[in-house]
Asker: 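Handing you a structure now.
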Amino acid sequence: MIRSLTSVLALLLVTACASSNQASAAPTAATVAVQPGDLPSTMHRCTISGDINTYLDSLKAKDPATYTSTKNEWTDAQSKGATATFVGFYTDSDANCTNVASTVANLSAAAYPLVVNFSVQFKDEASASNGYTNGQIFGIDRAMLKANGAPVVEGTKTGLGPNSIVLSTTILSQAFYIAVWQNNAFMVILGIINLDAATGRQVAAAETNRIK
């Protein structure tokens, strides 16, 4: 009985240690990125999603112009200290995923629910902060979101930290939720089209909570 109890305790200890190690694992661009559980069950990840190099490879033949511009943007981000990026696309059907893969440059015209997410990891927090405050990362910056006079929320009022900006608006029949923020060594770009703003806030909160 004693030997059996000792074995059980040892097994529990190993399991607890393994769980502790898993819980304390450092976040990565992939783990910070939007996950299926962050979204309504009707949404699923498109196969074009992946790390930045996989994403670029998928663009090369299908959308050469976007491939070139995105590759240049990634090179620029690397010069500012970016070390990894995960690109995620979610929509509500295989057909729409196919459409996303073939018309990446025209996603703003999507008439279906769509999530676009760039989770960018930098070498350190200072580089990530600089990436947010100075210039564009993957073609996005605060000035762009403010350019058309649409109301934005910035800073701690977004719930995403001091280096953050959120644009939530409707243009014609399309609803847009766009959030850009920096937390620790990460900068996140989140664009959600044709889903309600509450879903956008939930997704952004889930992402930032994984940056620990």
Asker: Can you spot which of H44, R45, Q35 makes a side-chain hydrogen bond (donor to acceptor under 3.5 Å, both in side chains) with Y90?
Answerer: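 In the set H44, R45, Q35, the residue that makes a side-chain hydrogen bond (donor to acceptor under 3.5 Å, both in side chains) with Y90 is R45.
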
Asker: Just verifying a value: how many Å separate I52 CD1 and T83 OG1, rounded to the nearest 0.5 Å?
Answerer: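 It is 12.5 Å, given to the nearest 0.5 Å.
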
Asker: Determine whether Y55 and I140 fall in the same hydrophobic cluster, where Ile, Leu, Val, Met, Phe, Trp and Tyr are linked whenever their side-chain heavy atoms lie under 4.5 Å apart.
Answerer: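 Looking at the clustering, I140 is in the same group as Y55.
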
Asker: Under 6.0 Å from the NZ atom of K71, do we count more than 12 heavy atoms belonging to anything else shown?
Answerer: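 No.
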
Asker: For W74 and F138, take the angle between the two ring planes, folded into 0 to 90°, and tell me which bin it lands in: parallel under 30, tilted 30 to 60, perpendicular over 60.
Answerer: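 Parallel: the ring planes of W74 and F138 meet at under 30°.
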
Asker: Mind checking side-chain hydrogen bond (donor to acceptor under 3.5 Å, both in side chains) for S49 and listing every partner two or more places apart, or none if nothing turns up?
Answerer: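 Here no residue qualifies.
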
Asker: Are a donor atom and an acceptor atom from the side chains of S127 and N130 found within less than 3.5 Å of each other?
Answerer: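 Note: S127 and N130 side chains miss the donor-acceptor criterion.
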
Asker: Applying the 4.5 Å side-chain criterion to the ILVMFWY set and letting contacts propagate, would V153 and V203 be lumped into a single cluster?
Answerer: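 No; tracing contacts between hydrophobic side chains, which count when under 4.5 Å, never links both residues.
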
Asker: Does a donor on one side chain and an acceptor on the other come within less than 3.5 Å for S129 and N163?
Answerer: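 A donor-acceptor contact under 3.5 Å links the two side chains.
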
Asker: Would you tell me whether T199 and D196 have side-chain atoms, one donor and one acceptor, within less than 3.5 Å of each other?
Answerer: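 A donor-acceptor contact under 3.5 Å links the two side chains.
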
Asker: Of all heavy-atom pairs between V166 and A179, which one has the smallest distance, and what is that distance?
Answerer: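 In terms of heavy atoms, the two residues are closest at CG2-CB, 3.9 Å.
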
Asker: Would you sort out whether T91 and N99 count as a side chain to side chain contact (heavy atoms under 4.5 Å, CB included), showing the intermediate values?
Answerer: CA-CA 10 Å; T91 188; N99 187 59; over 6 Å; no

